[in-house]
Q: 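Below is a structure I'd like to ask you about.
Note that the numbering runs from 1 along the sequence shown for the chain. Order of appearance sets the numbers: ligands from 1, and atoms from 1 within every ligand.
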Amino acid sequence: MSRVYNFSAGPSCLPEEVLKECAAEMLDYKGTGQSVMEMSHRSKAYKPIIENAEALVRKLMNVPDNYKVLFLQGGGSTQFAMVAQNLGIHTGKAAYIKTGVWAKKAAAEAAHLGIKVDTIASSEDKNFSYIPKVEKISGDYDYAYICFNNTIMGTHYEYIPDTGNIPLVADISSCILSEPLDVSKFGLLFAGAQKNLAPAGVTLVIIREDLITETPREGTPTMMMYKTHADAESMYNTPPCYTIYVMGKVLEWIEKTGGVEAMHKRNLEKANLFYNYLDSSDVYHATAEKGSRSLMNIPFLTKETDADKAKVINDKFVKEAAEAGLVNLAGHRLVGGMRASIYNAMTIDGVKALIAFMDKFAKENF
Ligand SMILES: *Cc1c(COP(=O)(O)O)cnc(C)c1O
């Protein structure tokens, strides 16, 4: 068996230890004679699985007691609507900072649902290559919304805007548990699991209890109310049982390897290695500006500026990298070039192998 280094932006690589444990328990989970895939979510065997996952989220992220942890479905994209429907209920106004595709989609969804969206800052002027500085947000907003790590653009907030009494909502899909984060600074955090937590299928929501309303915007379906899921402890309907089980194992792996601080240290080491290489190269360069750079998603271009020639060289890069066991390096069409996603589960050896390949490719082609 040979495994590749997978630089996919999502679904993305999982720790090998976790995959092996899942494989070992596949046919008979702890003497139950069943796979977790086959189990009732109401069974005695399953209950500890979801409880363990929640307890570990609380412990690793230091979640205060007045927050609920929910396991929902519909991906990060469904949160764009749920946030608007459940939080946009007093003035019906919300502040959005537009830092790329995901923030724009979230703002568009809120507008679609009748929220008066104020775009209070944007980095669209420079193709979203930086995070605007908005230290303070004030106004009669029901909430303020940011995308904390921009998976496509490779940017990341190095500060948390001060919103006073306005609940701050952050999409942390692609950076959850990659670094310490002060949950108490936010009203609501959410993350689709398939970037840094688990396979696709579950979305983690951490919401301050006072934001769980019984009276969301008119027409909000039962399944779209945080209250429904909070009251039923994420068991209102069948949760994505197996994905939550794998998430529990990923969380155990984070704990075993030193927790979030240690994870952050390793992520800094990996990202610094890669950025230093890009910054000192005369062939490649990072697209995200210093001071706004993601530790998780790193888009980069070659020095070829002619669009047609760049396409040829980028395609060659992606193809030859894959042949060398380095897969999913194609860039997003909005940025071009290549993108290496180096989530928690990517090893430093994977980053070193990528740099070695890039060096060889540069010598052969430039
Ligand atoms: C991937 C991603 C999403 C969309 O997640 P889905 O689960 O596919 O809906 C939203 N926000 C960010 C930052 C992402 O990286």
Q: Under 6.0 Å from the NZ atom of Lys265, do we count more than 12 heavy atoms belonging to anything else shown?
A: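 Result for NZ/Lys265: open.
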Q: Under the side-chain hydrogen bond (donor to acceptor under 3.5 Å, both in side chains) definition, can you give me all pairs with a residue in residues 36-47, not counting sequence neighbours?
A: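 Of all non-adjacent pairs touching residues 36-47, those that pass side-chain hydrogen bond (donor to acceptor under 3.5 Å, both in side chains) are Lys47-Glu51.
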Q: For ligand 1, which of its N or O atoms have a protein N or O partner closer than 3.5 Å, and how long is each gap?
A:
from, atom 1, to, atom 2, distance (Å)
ligand 1, 7 (O), Gly76, N, 3.0
ligand 1, 7 (O), Gln194, NE2, 2.9
ligand 1, 8 (O), Gln194, NE2, 3.4
ligand 1, 9 (O), Gly76, N, 3.2
ligand 1, 9 (O), Ser77, N, 2.8
ligand 1, 9 (O), Ser77, OG, 2.6
ligand 1, 11 (N), Asp171, OD2, 2.6
ligand 1, 15 (O), Thr151, OG1, 2.4
ligand 1, 15 (O), Lys195, NZ, 2.5

Q: How far apart are the closest heavy atoms of Ala121 and Val134, and which atoms are they?
A: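 Where Ala121 meets Val134 most closely, the heavy atoms are CB-CG2, 3.5 Å.
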Q: For Trp102, is the NZ or CZ atom of Lys195 found under 6.0 angstrom from the centre of its six-membered ring and inside 45 degrees of the ring axis?
A: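 Yes, a cation-pi geometry.
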Q: How about Phe186 and Tyr67: are their ring centroids closer than 6.0 Å?
A: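 Distance test on ring centres: not under 6.0 Å, no.
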Q: Is Met153 linked to Ile176 within one hydrophobic cluster, defined over Ile, Leu, Val, Met, Phe, Trp and Tyr using a side-chain heavy-atom separation of less than 4.5 Å?
A: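 No.
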